Amino acid sequence: MAGNFGKGCHLHLIDGSAYIFRAFHALPPLTRKSDGLPIGAVSGFCNMLHRYVEGNTGPDAPTHVAVVFDKGSHTFRNDLYDQYKANREAMPEDLRPQIPLTREATEAFNIACKEIEGFEADDIMATLACRAREAGGRVTILSSDKDLMQLVGEGVEMLDPMKNKVIDRDGVLEKFGVGPERVVDVQALAGDSVDNVPGAPGIGIKTAALLINEFGSLEDLLDRAEEIKQPKRRQTLIEKRDQIELSKRLVQLDCDMELPFTLDDLEVKEPDPEVLLGFLTKMEFRSLTKRIADNAGVEAPAIPEPATAADAPEAAPDWPAIDAASYECVSDMEALHRWIARATDLGTVAVDTETTGLNEMLCDLVGVSLAVAPGEACYIPLAHLAEDSGEGLFASDAVAEGQLPMDQALAALKPLLEDAAVMKIGQNMKYDAKVLSRYGIEIAPIDDTMLMSYALHGGEHQHGMDTLAERYLSHTPIPIKELLGTGKSQITFDRVPLDKATGYAAEDADVTLRLALTFKPQLHRARVTRVYETLERPLVPVLKTMEMAGIAVDRGTLSRMSGKFAQKMAELEAEIHELAGEKFNVGSPAQLGDILFEKMSLPGGKRGKTGKYSTPADVLEDLATEHDLPGRVLDWRQLSKLKSTYTDALQEHINPDTGRVHTSYVQTGANTGRLASADPNLQNIPVRSEEGRRIREAFVAPEGKVLVSLDYSQIELRILAHMAGIDALKEAFRQGQDIHAMTASEMFNVPMDQMTPEVRRQAKAINFGVIYGISGFGLARNLRIPRAEAQGFIDRYFERFPGIKQYMDDTVAFAQEHKRVETLFGRVIHTPEIGAKGPRAGFAKRAAINAPIQGTAADIIRRAMVRMPEAIEGLPAKMLLQVHDELLFEVEAGAVDDLIGAARSVMEGAAEPVVKLDVPLVVDAGQGANWAEAH
DNA sequence: CTAGAGCGCTCG
DNA sequence: GTACGAGCGCTCTAGC
């Protein structure tokens, strides 16, 4: 087939850059054994090329082929629009060195490898495809990139190499709703969040296709925009005309580039086995080398085994048994330096800190343990007291013998713990990082076995070290109680004798290291590497900074409120005793139940698990029509709750050193991916009742600063609309409509302008019910209507929004088949109870329905939090709290608007570029001197 | 005396 | 027997 490209020729264009990225993300992080060079993407790429060459030998084989790559990050599109591809995530460090190797690989296969500085692969392919078609040849583009679909047409088709699916005119029509010649028009309107093509706000692919089909072309549409019926859409198209026209130029591929080569240069050539095998041998691809050598009938070149097997990915568990007596207690600087050198050499070390308490903002550092290999661990005591130092009143501060001076030891450890080239592995590393930070050490980079377990096994079990050691190492670590005792006679870790402390502390580091060796290779196989790398690990330093910042709480405000509550409670208590005719503990539901349902014989008494009457608020509310007493008890309970849980307990949590309250976020606290807040919980500070909301007045900004609150509006309903694909809901969100009113209007056939608050309230309850896995019983109880009526509402809702029912059924079916569900970002939530019988089945199904929605919302705010520090860098602002869909900041008064702008933009764009939601994310902002005003 | 279960209430 | 996901303070009791 030598000679000029023309009729009968068949050109294959391979989208090399797309292949590399896919290979990189799909494969585990393989490294070249001899030197640890990352080569996962190169390996995947070579396997692909090999399969390609093998698979294209028949009569339909290509006569010409090229692998085309992007080159350079600045293209003519950046000159048109400086934001083009601006929010693209940086190339992963491990991928960077592999790029030139993939060029080398292509040449080794003797395939033409084409790239031009300052041009995207797409434009090169576009130009080649056009020239080939003009010359009368056929073209197949091996890619699934929708940006290339505009090239499809007579003589040009695409082939999705992963699915082996041909994308022709019909395929494009299916994807875009228009033919290839109008694809750019649709793209210009719909925009593209991945490439940051703006498009027309509020218009997605479907709406765009509708408009283009109606008006014929983008130009006609823009010229006749006045004729569009929908007012919002009309306005958008008129106002954003420039932006849309710019978008078209961004998505339009260049079919007429100047190329420094011709089609004839792309002629298919046989690879030279010697060159190819030389490259594969250099890369140390054993199996591919052998396969290709066998095919070529030559002997496979030998690949030397690496000298050490230290980095074998599958660490065979021929580990030594865990033996607390085998660990070293480090008592001199020479030994300490030996351990540090070993850890630095290896590049990996497990670390654990021992302290005098569980509050990392108050406790003192007592010692540090390190583990470098299974069975090889040490403990470095730093602040143990002498054994005969007595207890209680007679305690002395005599320091134990055989310990390094703390400042000297920490000075030696600091370079290791802060060394960017040494991975520090921990179990709940946030705790250790906070303690160490108070001693001047900013530990990084880190890996965390608790978070690995959460990513791998969320929903299956808890992720504490004892649980993990038991399950995955069949080992029961020494219980801390064995060292400290319990209750009143409990001692602190600094009073534990060194030998016992060494066994316990070093064992923790050893166990942590073994858990990391177990979990790390599993992350890829379970397809949760991205979850771990983007949603779990990078959140640790963010949470650490927030927790250490704390929030200012005004003790005087709380104290005054406490006094008022106490007074009012005493009055109510007297009234209650009077009404009951006897004194009893109002705080005891059991005693109250007896009074209400036995002594006073009021109706509706139900007994709980322990045979006692239950007296929850809704029951008391119903009884309030029968008697004065239940209402008084409700008032008393509200005050009691506010006083004990908030105005009193919160004061106890004000840190004497900082004068602020420091919560602790439990990253693995909720199965769905939500955070939990503890000690104290700052995610359930009252807001719904007027009296309760006043508690928030005690959360204040210091002089000259302001609290700013930003919260996602209706994020879970938006996610439901997207995931279940409900067009009516999506459209309502795009139009910025009142979603509950819109639901009510659809369900009850009430026009929006005649909506009553009561009907809207019912629709709102249904919307929430859907997110929770609605049941007639639950809705009936919530709305206080008969169950049959509630069921009627649900039936009507499903009739109107059949996609919701479909989503719920599909989700449950998926959970039953796979024993897990997933969020849009790939977070896995295991549902082991899904097959249960009896009432547990209902619980499990509802949890499975809710988890992807709640979990996706949790993922989104996590992504925002991870990006936030960079986004607000330079602003005099601190992120303080997260309350599921809200972030609270403390900011200097002059920078409030800047902060709101920066934070809002991060939050509203947090799903991108991984997920393109069909609905906008909207963030509301508030500000004030205290949290009540800011919210 | 202490740990843990149960209840009830707070939040999203 | 039921709305989903959390944490915590109080009461009460089983068991040391």
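Residue numbers start from 1 in every chain, and the chains themselves are labelled A, B, ... in the order their sequence lines are given, proteins ahead of strands. Being a predicted model, the structure only gives us computed values, none of them experimental.
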Rounded to whole Å, the CZ-P distance (A/Phe843 to C/dA6) equals 13 Å
Separation of B/dG8 atom C1' from A/Trp636 atom CH2, nearest Å, is 11 Å
Base, sugar-phosphate, or nothing for A/Gly773, non-hydrogen atoms under 4.0 angstrom? nothing
Rounded to whole angstrom units, what separation is found between the CD1 atom of A/Ile829 and the C1' atom of C/dC4? 12 Å
Checking all strands, does A/Gln591 fall into the base, sugar-phosphate, or nothing category for heavy-atom contacts under 4.0 angstrom? sugar-phosphate
Measuring from the side chain of A/Ile774 (C-beta onward, heavy atoms only), which nucleotide among C/dA3, C/dG9, B/dG8 has the closest atom? C/dA3
Applying a 4.0 Å non-hydrogen cut-off, can you work out what A/Ala848 is touching in the nucleic acid: base, sugar-phosphate, or nothing? nothing
In terms of side-chain heavy atoms of A/Tyr646, which of B/dT10, B/dC11, B/dG8 is nearest? B/dT10
Which value, in whole Å, describes the distance between the P atoms of nucleotides B/dC9 and C/dG1? 22 Å
Of the candidate nucleotides B/dG12, C/dG7, C/dG5, which contains the atom at the shortest distance from the side chain of A/Tyr772? B/dG12
Need one value for A/Ala858: base, sugar-phosphate or nothing, where a base atom within 4.0 Å counts as base even if backbone is also close, heavy atoms only. nothing
Using a cut-off of strictly less than 4.0 Å, decide whether A/Arg781 has a side-chain nitrogen or oxygen near OP1 or OP2 of C/dG1. no
Where the side chain of A/Asn782 is defined as all heavy atoms beyond and including C-beta, which of B/dC7, C/dC4, C/dA3 is the nearest nucleotide? C/dA3
Side-chain donor/acceptor contact of A/Arg787 with base of C/dT2 under 3.5 Å: yes
Within the structure, does a side-chain N or O atom of A/Asn585 lie under 4.0 Å from either OP1 or OP2 of C/dT11? yes
Can you see if the side chain of A/Arg637 gets near the phosphate of B/dC9 - specifically, an N or O under 4.0 Å from OP1 or OP2? yes
Under 6.0 Å from the six-membered ring centre of A/Phe798 and within 45° of its axis: does the NZ or CZ of A/Lys805 meet both? yes
When the distance from CZ of A/Phe768 to P of C/dT2 is rounded to whole Å, what number comes out? 23 Å
Looking at every strand, decide which applies to A/Gly769 at a 4.0 Å heavy-atom threshold: base, sugar-phosphate, or nothing. base
Round to a whole Å and report the spacing from CG of A/Leu592 to C1' of C/dC12. 15 Å
Would you please confirm or rule out a distance under 4.0 Å between OP1 or OP2 of C/dA6 and any side-chain N or O of A/Arg674? no
How would you label the contact of A/Asn671 with the nucleic acid (heavy atoms, under 4.0 Å): base, sugar-phosphate, or nothing? sugar-phosphate
Does a sphere of radius 6.0 Å around NZ in A/Lys845 hold more than 12 heavy atoms from other residues, nucleotides or ligands, not counting ones at 6.0 Å or beyond? no
Could you state the NE2-C1' distance from A/His884 to C/dC4, rounded to the nearest angstrom? 12 Å
Proximity to the side chain of A/Ser588 - top-ranked nucleotide from C/dC12, B/dG8, B/dG12: C/dC12
Closest of B/dC9, B/dG8, C/dG5 to the A/Ala617 side chain is B/dC9
Under 3.5 Å donor-acceptor, A/His463 side chain and A/His461 backbone: yes
Can you identify which nucleotide, out of C/dA6, B/dT10, B/dG12, has its nearest atom closest to the A/Gln638 side chain? B/dT10
Please compare A/Lys641 and A/Gly838 by the position of their nearest nucleotide in DNA chain C and report the one closer to 5'. A/Gly838
Just call it for A/Asn681: base, sugar-phosphate, or nothing, with non-hydrogen atoms closer than 4.0 Å on any strand. sugar-phosphate
Per atom distances to the A/Lys612 side chain, the nearest of C/dA3, C/dC12, B/dG8 is C/dC12
Answer yes or no: does a side-chain N or O of A/Thr645 lie under 4.0 Å from OP1 or OP2 of B/dC9? no
Do A/Gln927 and A/Ser709 meet the criterion of a side-chain donor-acceptor pair at a distance under 3.5 Å? no
Tell me: NZ of A/Lys609 to P of B/dG4, nearest whole Å? 17 Å
C/dA3 and B/dA5, which share atom name C1', separated by this distance in whole Å: 24 Å
For A/Glu598 and A/Tyr613, test the side chains for any donor-to-acceptor distance below 3.5 angstrom and give the result as yes or no. yes
Tell me whether the side-chain N/O atoms of A/Gln683 come closer than 4.0 Å to OP1 or OP2 in C/dC8. no
Could you tell me whether A/Ser644 contacts a base, only the sugar-phosphate backbone, or nothing, with contacts defined as non-hydrogen atoms closer than 4.0 Å? sugar-phosphate
Check every strand shown and say whether A/Gly692 touches a base, only sugar-phosphate, or nothing at a heavy-atom separation below 4.0 Å. nothing
Would you kindly give the OH-to-P distance between A/Tyr665 and C/dA6, to the nearest whole Å? 17 Å
Do A/Glu716 and A/Gln854 have side-chain atoms, one donor and one acceptor, less than 3.5 Å apart? no
Check step by step if side chain to side chain donor-acceptor pair (under 3.5 Å) holds for A/Asp679 and A/Ser664. CA-CA 6 Å; A/Asp679 306 310; A/Ser664 190; 5.9 Å; no
Using a 4.0 Å heavy-atom cut-off across all strands, classify A/Ala857 as base, sugar-phosphate, or nothing. nothing
Nearest to the side chain of A/Asn684 - B/dT10, B/dT2, B/dG12? B/dT10
Say whether A/Ser562 and A/Thr647, considering side chains only, have a donor N or O and an acceptor N or O under 3.5 Å apart. yes
Does A/Thr615 make a side-chain N or O approach to OP1 or OP2 of B/dG8 shorter than 4.0 Å? yes
